[in-house]
Chemist: 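So that we are looking at the same thing, I have put the structure below in structure tokens.
All chains are named by letter (A, B, ...) in the order of the sequence lines, taking the proteins before the strands, and each is independently numbered beginning at 1. All of these numbers come straight from a predicted model, not from anything done at the bench.
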Protein chains: 2
Amino acid sequence: MQGLRKAGLKATLPRMKILEALQSSKQKHFSAEDVYKMLFKKNEEIGLATIYRVLTQFESAGLVMRHNFDGSHAVFELNDDSHHDHMIDIDSGAVVEFYSEKIEELQKKIAAEHGYEVADHSLVLYVRSKKKKPK
Amino acid sequence: MQGLRKAGLKATLPRMKILEALQSSKQKHFSAEDVYKMLFKKNEEIGLATIYRVLTQFESAGLVMRHNFDGSHAVFELNDDSHHDHMIDIDSGAVVEFYSEKIEELQKKIAAEHGYEVADHSLVLYVRSKKKKPK
DNA sequence: ATGAATGCAAAAACTTTGCATGACG
DNA sequence: CGTCATGCAAAGTTTTTGCATTCAT
């Protein structure tokens, strides 16, 4: 509601519902369809096209971040202004967030060595639990 | 040709043409359509569906690696068995490869701290040249 | 000869867009 | 009230798939 105005977006019902859905869910990463279904269950039927449009606007406004973990579909996450990378459990699909100052530094250093500066980066670890599954 | 047999793939004309195209190009990263057009120019018209099928088989066989730099389409690169990550110049689209032992180590360490082991990872730096563009 | 590979066109999955209607400021 | 947002359906992209035909061994 206020976040929307601050972001320069008119406070419409769909936008408020979507933002609230993102904020109130225990989940942190959502595909457009996740959001759609989530709202659908609450009997807030918002067209999928609107979800896409709104999420894209939220992204431009810096309210959410878009990730492409697997290339087949985008996932969105609220932008809490604390940068972090992701670790995805390839068996369960669970997503763990992490942050490493050292890796960030190394990235800058390596880019600099090539005459570049880092504008953005994407780091995803595909991991497997170390605990052996009981046979 | 021999690489194909070793990979357990029948040496068909389309597969040979595609492999050769990948090997003989100065370019290192190709979308399926890049490969299609490349062959088309050489008057080797291979159906796009076949390109996709073959590249996927090559990936399974370990001959190529698939990347999803931007989420909108996949790119393939010959697998030279030397792991590296990528840096993409957001202005020119140029792709630079790099490798950092330290970053690799840190990734393993961080995963381990969460009870995981790294099965794979994807690191892409989106960079911008440090040289100021003359106004 | 025979099982696999190809080509084509159709389908699928995800996302964007055009346009008429409705809502916000 | 004028403008911008929404919904719906249609179109766009990229990738996959079914099926008849052709190819490799």
Chemist: Hey, what's the ring geometry for A:Phe40 with A:Tyr36, parallel, tilted or perpendicular (30° and 60° as the breaks)?
Modeler: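 Correct class here is tilted.
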
Chemist: NA contact type, B:Glu45, heavy-atom cut-off 4.0 Å: base, sugar-phosphate, or nothing?
Modeler: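 Touches sugar-phosphate only.
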
Chemist: Rounding to a whole Å, what distance do you find between B:Tyr52:OH and C:dA13:P?
Modeler: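 Whole-Å distance recorded here is 16 Å.
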
Chemist: Using the closest heavy atom to pick a nucleotide of DNA chain D for each, name whichever of B:Arg66 or B:Thr12 lands nearer the 5' end.
Modeler: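 The 5'-side residue here is B:Arg66.
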
Chemist: Measure from the side chain of B:Ala49, starting at C-beta and using heavy atoms only, and say which of D:dT16, D:dT25, C:dT16 lies closest.
Modeler: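 Between D:dT16, D:dT25, C:dT16, the one nearest the side chain of B:Ala49 would be D:dT16.
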
Chemist: Any donor-acceptor pair under 3.5 Å joining the side chain of B:Arg53 to the base of C:dG7?
Modeler: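 Check passes, donor-acceptor contact within cut-off.
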
Chemist: Rounded to whole Å, please give me the gap between CG in B:Leu13 and P in D:dT25.
Modeler: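 That distance rounds to 11 Å.
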
Chemist: Would you mind telling me which residue lines up with the more 5' stretch of DNA chain D, B:Glu33 or A:Lys10, judged by nearest nucleotide?
Modeler: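 It is A:Lys10 whose nearest nucleotide is closer to the 5' end.
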
Chemist: Mind checking if A:Ala32 touches a base, just sugar-phosphate, or nothing, with heavy atoms under 4.0 Å?
Modeler: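 If one applies the 4.0 Å heavy-atom cut-off, A:Ala32 turns out to touch nothing in the nucleic acid.
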
Chemist: Using atom CG of A:Leu4 as one end and atom C1' of D:dA5 as the other, report the distance to the nearest whole Å.
Modeler: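 After rounding, the gap between these two atoms is 13 Å.
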
Chemist: Heavy atoms only, 4.0 Å cut-off, all strands: where does A:Ser72 land among base, sugar-phosphate and nothing?
Modeler: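 Here A:Ser72 touches the backbone only, sparing every base.
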
Chemist: Can you check the B:Phe58 CZ to D:dT15 P distance for me, whole Å?
Modeler: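 Value for this atom pair: 17 Å.
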
